[in-house]
Amino acid sequence: MQSVYEAAGGDEGLLRLAHAWHARVLDEEVVSHAFSHGYRPDHTERLAAYWAEALGGPTTYSDSFGDESAVVRIHSGNGPHEEMDRRAIACFDQAMTDVDITEEVPVRQVLHDYFAWATTTTMSRYHHSADDVPEGLPIPRWSWSGLEPGE
């Protein structure tokens, strides 16, 4: 059975999805606030590499950019933001449609579930301060059946 990473189109497919999602959130009035302080020019490439690793692909993100702790710190210390999370998930769903991952494509629901889980759990766990994020967190792995054991 192919991995979620492979079913999503591998590096190329996830890069297309990351570009589509990023374009959507920059046009979304609430979610775009998260990017108002600026962002790295290679944001979408790094995001695609992170998703790839989380979904069963190569460890490019961990090998080149950092671990889960670094990613979570970027998303921490901003207080609760349920509305922003909800809108970011909606942008993700729209981005999947933009890149032809439609309702008929089996991987769509798995990708939605992963993104919603990551957005509302790991990326929003440390509302008070990025300093609360522990060192050395591994990137959680997601498969066809959800979060992999031990993650």
Between atom CZ of Arg40 and atom CZ of Arg46, what is the distance when rounded to the nearest 0.5 Å?
-> 3.5 Å
Ring centroid separation for Trp51 and Phe92, is it under 6.0 angstrom?
-> yes
Starting at CG of Asp85, measure out to OG of Ser124 and round the result to the nearest 0.5 Å.
-> 5.0 Å
Heavy-atom nearest pair, Ala8 first then Val107, reads N-CG2, 4.3 Å
Cluster question for you: counting only ILVMFWY and a side-chain heavy-atom cut-off of under 4.5 Å, with indirect links fine, are Leu147 and Ile139 together?
-> yes
Between Ala52 and Leu14, what is the shortest heavy-atom contact and its length?
-> CA-CD1, 3.5 Å
Kindly check if the number of other-residue, nucleotide or ligand heavy atoms within 6.0 Å of CD (Glu83) is above 12?
-> yes
Any donor-acceptor N/O pair, Ser69 side chain to Leu137 backbone, under 3.5 Å = yes
Is there a donor-acceptor contact under 3.5 Å linking the side chains of Thr97 and Arg108?
-> yes
Assess the side chains of Thr59 and Glu53: does a donor N or O sit below 3.5 Å from an acceptor N or O?
-> no
Is it true that Trp144 and Leu17 fall in one hydrophobic cluster, defined by side-chain heavy atoms closer than 4.5 Å?
-> yes
Do Arg73 and Glu68 meet the salt-bridge criterion of a basic N to acidic O distance under 4.0 Å?
-> no
Donor-acceptor pair between Gln109 and Asp113 side chains, under 3.5 angstrom = yes
How are the rings of Tyr39 and His43 set relative to one another: parallel (under 30°), tilted (30 to 60°) or perpendicular (over 60°)?
-> perpendicular
Nearest-0.5 Å distance that lies between atom NE2 in His19 and atom OG1 in Thr44 = 3.5 Å
For the student: nearest non-hydrogen atoms of Tyr61 and Val71, plus distance | OH-CG2, 3.3 Å
Evaluate the side chain to side chain contact (heavy atoms under 4.5 Å, CB included) criterion for residues Ile89 and His112: first the C-alpha distance (whole Å), next the side-chain angles of each, then the deciding distance (0.1 Å), finally the verdict.
-> CA-CA 8 Å; Ile89 294 164; His112 166 86; 3.6 Å; yes
Distance (rounded to the nearest 0.5 Å) between Thr102 OG1 and Met96 CE | 10.0 Å
Using the side chain to side chain contact (heavy atoms under 4.5 Å, CB included) rule, take Leu55 and Ser3 through it: C-alpha gap first, then chi angles, then the decisive distance, then the call.
-> CA-CA 7 Å; Leu55 298 170; Ser3 66; over 6 Å; no
Intermediate values then yes/no, side-chain hydrogen bond (donor to acceptor under 3.5 Å, both in side chains), Tyr5 and Asp11 | CA-CA 8 Å; Tyr5 161 80; Asp11 289 337; 3.0 Å; yes
Are the charged groups of Glu82 and Arg86 less than 4.0 angstrom apart, N to O?
-> no
From CA spacing to verdict: side chain to side chain contact (heavy atoms under 4.5 Å, CB included), Trp142, Trp117 | CA-CA 10 Å; Trp142 197 267; Trp117 173 82; 3.6 Å; yes
Between Asp67 and Gly136, the two heavy atoms sitting closest are OD2-CA, 3.4 Å
Can you name the salt bridge (Lys or Arg N to Asp or Glu O under 4.0 Å) partners of Glu28, sequence neighbours left out?
-> Arg87
Are the aromatic rings of Trp21 and Phe115 close, with centres under 6.0 Å apart?
-> yes
May I ask whether Leu47 and Val4 are part of the same hydrophobic cluster, defined by side-chain heavy atoms of I, L, V, M, F, W, Y residues being less than 4.5 angstrom apart, directly or through others?
-> yes
